[in-house]
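Inspection log for the structure reproduced underneath, given as structure tokens.
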2 protein chains.
Amino acid sequence: MAEDPEYLCPVDVPLHHLGGKWKLIVCFYLLQRPCRNGELRRLIPQVRQKMLTQQLRELEASGLVQREVFDQVPPKVVYSIVDKERAALEAVVYPLCEWGIDRVGRHGGRILTTTLPTDF
Amino acid sequence: MAEDPEYLCPVDVPLHHLGGKWKLIVCFYLLQRPCRNGELRRLIPQVRQKMLTQQLRELEASGLVQREVFDQVPPKVVYSIVDKERAALEAVVYPLCEWGIDRVGRHGGRILTTTLPTDF
DNA sequence: CAGTATCCTAGGGGATACTG
DNA sequence: CAGTATCCCCTAGGATACTG
């Protein structure tokens with residue numbers, strides 16, 4: 001995540017910005033709608049708070065996710081996809097989703113969550 | 001890489017099969033044309049032989065890459081994308097490439113290799 | 001040429017506890 | 001609620017050497 005890094009080839013770029021263990025999953029959910037910290041934790045039960053925070057910060061540093069703090073008690077923080085990056089991000093995440101769905105169809109496996117519950 | 005794994009969400013699937021440090025990069029080059037072991041090593045100078053072999057084996061296990069051995073001296077081994085998976089793989093790798101190229105255009109950075117030299 | 005076989009370490013990431 | 005702060009483990013992956 002250096003200033004002006006050199007990438008070996010084009011796919012190297014997304015690898016640097018989305019390569020974390022949880023980043024794509026977080027983006028998958030945030031693309032559906034903005035989420036609070038606790039929502040993301042419930043959507044991704046296996047992730048630890050530390051990791052979630054870290055990955056969110058890195059996505060923020062990449063300019064893909066924005067963090068909005070509401071100054072109130074109890075605290076409220078909402079994460080969302082940066083508007084300007086949404087289209088580009090969708091163009092990369094959706095094909096990944098389709099590949100995933102297509103693949104389990106042809107090779108087996110089970111996908112637990114495809115869409116995000118609206119009232120989560 | 002279990003038999004019939006459970007995936008949290010659709011992007012989780014590509015994460016499991018393409019999530020290695022070098023897999024996407026290897027696929028990027030193999031999508032252009034079949035390559036020998038040594039070619040891949042020269043194309044990806046940072047990768048260690050051990051890692052290259054390991055990632056290739058995992059791609060093979062995922063049914064994405066096939067390994068052809070020519071029984072001759074000196075040995076010749078050619079890796080290539082499995083025909084049936086090519087279209088699906090392209091549908092996911094190309095958008096990643098475009099995102100990469102688009103992103104360095106808008107945010108800075110330098111991509112060293114975009115296309116593979118034909119006579120490599 | 002195309003790999004194994006060892007050895008080893010950095011840091012990614014888990015668990016638990018605490019705070020504004 | 002939304003996080004830090006520690007501690008610690010483990011394994012992905014690096015370095016080096018050897019082989020059919």
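Throughout, protein chains are lettered first and strands after them, A, B, ... in sequence-line order, and every chain is numbered starting at 1. Hydrogens, waters and symmetry mates play no part in the numbers below; they use all other heavy atoms, side chains included.
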| field | Set of side-chain hydrogen bond (donor to acceptor under 3.5 Å, both in side chains) partners for B/R106, sequence neighbours left out | value | A/E85, B/D102
| query | Under a 4.0 Å N-O cut-off, is there an ion pair linking A/R33 with A/E39? | reply | yes
| task | Output the rest of the hydrophobic cluster of B/V82: all Ile, Leu, Val, Met, Phe, Trp and Tyr residues reachable through side-chain heavy-atom contacts under 4.5 Å, sorted by chain and number. | result | none
| task | Treat a base pair as Watson-Crick or G-U wobble with both distances under 3.5 Å, then lay out DNA chain D in dot-bracket form, 5' to 3', with | for cross-strand pairs. | result | ||||||||||||||||||||
| field | Members besides A/L112 in its Ile/Leu/Val/Met/Phe/Trp/Tyr cluster (side-chain heavy atoms under 4.5 Å) | value | none
| field | Any pair counted as side-chain hydrogen bond (donor to acceptor under 3.5 Å, both in side chains), so long as it reaches residues 70-81 of chain A, sequence neighbours left out | value | A/R57-A/Y79, A/R67-A/Y79
| request: Any chance you could pull the hydrophobic cluster mates of B/V78, using side-chain heavy atoms under 4.5 angstrom and chaining through other members? | output: B/F70
| Given D/dA15, is OP1 or OP2 found less than 4.0 Å from the side-chain N or O atoms of B/R48? | yes
| field | Qualifying residues under salt bridge (Lys or Arg N to Asp or Glu O under 4.0 Å), relative to B/E6, sequence neighbours excluded | value | A/R110
Donor-acceptor contacts, no H, no angles, side chain residues 48-56 of chain B, under 3.5 Å, sequence neighbours left out:
from, atom 1, to, atom 2, distance (Å)
B/Q49, OE1, B/N37, ND2, 3.1
B/Q49, OE1, B/R41, NH1, 3.1
B/Q49, NE2, B/N37, OD1, 3.1
B/Q49, NE2, B/T53, OG1, 2.8
B/T53, OG1, B/Q49, O, 3.0
B/Q55, OE1, B/K21, N, 3.4
B/Q55, OE1, B/W22, N, 3.2
B/Q55, OE1, B/K23, N, 3.4

| request: For nucleotides 1-13 of chain D, just jot down a letter per nucleotide in 5' to 3' order: B, S or -, based on protein non-hydrogen atoms under 4.0 Å. | output: BSBB-BB-----B
